[in-house]
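Lettering of chains follows the sequences in order, A, B, ..., and the numbering in each one begins at 1.
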Amino acid sequence: MAGAGARVGLITALASRADIPIFPVLGVGGRRAAFALAALPGVRVVDHPRAAALLLVVGRPTRALLRPLLVVHDLLPPPRATVWWQVGAGGEDLVAALPSTVIATTGEVAGLRTVFGDLVSGRRPSDRPALPDIEPAPWRGIGPYGQGGSGMTGGVPFGRPLPSRSADPDGLELDELPLHVGPLFPPLPPGLELHLEVQGDVLRRASVGENPFTRWPGDPALGPLDTSDFLGALDAPVMVAHLELARARHHLRWAASAVALHGLRAEAHRLRHLAERVCVGDHPSVVALARRLGRCRSLASTMAGIGVLDGGDAPPGPVARAGGRGHDARLDDPAYEGLGFEPVVHEAGDAWDRFLQRLGEAAQALELAGRAGDRVRSPGPPVEGPRGLLDASEVPPSQKLLSLLPDLLEGQEWGDAMTTIISLDIDVEEAAAGAEVQALVEP
Amino acid sequence: MSLGAFGAVLTVVLTTGMAVVVSRWLHTALDPAQLLASERVPHLGGHEPSVHAWSRFHVRYYAMALLFLAFDMEMVFMYPWAVVFVQEGLIALVEMLMFILILLLGILYAWRERALEWA
């Protein structure tokens, strides 16, 4: 018996030292901590709740995010636990809904390790399901197998209604499955909710659902966005080198998510680490990286010709420049005069050109940061953010890109649709912040 | 004492019965957490499915069938052609080239329909 106990102890000890599988849920203001999470040692960020042991809520979950969060919580296989990296005030609804939530120090792996170790060793009980045990489609017991129908294959199965039918592109009458994905559905950007009608893996129709980051009356303000460095430059002086480093970091983080979507996990890991520690001296390595990834035939074949967007239709920014429209707010910015700045431009406007565009802009940003020295940018002219033109009176680029999604996605296959969405680099939280500004301007 | 045929039947029945009992026991032993309704839904990122999963969709077999026919028919014709090639000479070569050209059109069509893509 002592031997068996020692063996179990050894297995538990080894299991608690394994990488912690985490399904992160991004709330308000948790962006920076979420970026850092992916680069933490001993942590494995998974994209499906069934593969996770810990549900990590980063930042404040809005009221609209709470119900989806509970649905996802119950999908984690037991033993499971919920950890909250609290950022700013608010979000107590989460603790009320999940009383066993552990509040841990934001950005530190030690707290996660303790909860995971306790969970694996059995010292901590698994979280109870958060939602009531009510069958969505109760067993009615009609028909020989309870299917409640008639006909050769049982006719109408019991439970949820069957999807309606419509003609597919080949003229066949086939089922059209309504599918609501998101707001917590990687690889979609956090918070993006899509209402889709699919036939097989072809998206027949798509529309964008409610923005969960939209503030309800009485909610606290939205937290700092990942473009806050650039938004800050609208009203305060900031060093050009600082802005350009932030741009390079943003594009490298985005490139990590783009290559991860196509299964290049090791490359994504390298890009994430590079993004977190990028400095002016990394210019040669980023140029080499851009050249290497630009030659990757497997990436090119999955992205080329997908999600084509003419430069004129896209909001001014990298997406428009990838489609051949060369405007860049830095051209008219006095702080960039004499730095030899020429916008990077591509022609095709597809997902592949957007990928090359951002890698090119990341390398260029590091070069500019090196040349700018201690040059300071004064507030006044519009700022060229990493997603496009930022202006206090303008709708942010993410909101414009969101409105382009339905037309772009229609008729695409699932994989191409995901490639298109990632290639646009949409921040749903930024879109919500923009909607607030718009509401103030046009009451 | 030999039980003969009856013994064999009894053995089969007992073994089968035990296999059923053991597999039922294993099922509960290995699945200590009996999942509740909210734990059994598919992952859609925070929503439950609104319609039944029983959905008929088009797997586009015709593209695969086209590829199969193109390559298979080529082989079917090539074996006898190889036997008479020396005897027939240039005319056989021209005939085969025409045949392959026709099949190539099918392959090009399948290519355009993205039948050759991995995913």
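With a 4.5 Å cut-off on side-chain heavy atoms, A:Ile426 and A:Leu405 count as touching. At a threshold of 4.5 Å between non-hydrogen side-chain atoms, the residues A:Leu69 and A:Leu98 count as touching.
Heavy atoms of other residues, nucleotides or ligands lying less than 6.0 angstrom from CZ of A:Arg128 number 12 at most.
Only the side chain of A:Asp416 comes within contact range of chain B, with at least one heavy atom under 4.5 Å from a heavy atom of that chain. Neither the backbone nor the side chain of A:Leu65 comes within less than 4.5 Å of any heavy atom of chain B. For A:Leu172, the part lying near chain B is the side chain, with the backbone staying farther off; criterion is any non-hydrogen pair under 4.5 Å. Both the backbone and the side chain of B:Glu39 come within contact range of chain A, judged by heavy atoms closer than 4.5 Å.
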*Step by step, would you call A:Ser166 with A:Gln199 a side-chain hydrogen bond (donor to acceptor under 3.5 Å, both in side chains)?*
CA-CA 9 Å; A:Ser166 71; A:Gln199 276 183 331; 3.2 Å; yes
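Along residues 85-92 of chain B, no residue comes nearer than 4.5 angstrom to chain A, judged on non-hydrogen atoms.
With sequence neighbours excluded, the residues forming a ring-ring contact (aromatic ring centres under 6.0 Å, His included) with B:Phe99 are B:Phe77, listed by chain and number.
Ranked by heavy-atom pairs under 4.5 Å with chain B, the first of A:Val198, A:Val25, A:Val202, A:Val181 is A:Val181. Ranked by heavy-atom pairs shorter than 4.5 Å toward chain B, the options A:His73, A:Glu193, A:Glu176 are led by A:Glu193. Counting heavy-atom pairs closer than 4.5 Å to chain B, the top residue among A:Leu76, A:Val72, A:Leu75, A:Leu179 is A:Leu75.
Taking the six-membered ring for Trp and the full ring otherwise, the centers of B:His43 and A:Phe185 sit less than 6.0 Å from each other.
Salt-bridge check for B:Glu48 with B:Arg40: failed, with every basic side-chain N at 4.0 Å or more from each acidic carboxylate O.
In this pair, A:His195 and A:His180 present their aromatic rings parallel. The plane angle is below 30°, not in the 30 to 60° band.
Judged by distance alone, the side chains of A:Gln412 and A:Thr419 never bring a donor and an acceptor atom under 3.5 Å apart.
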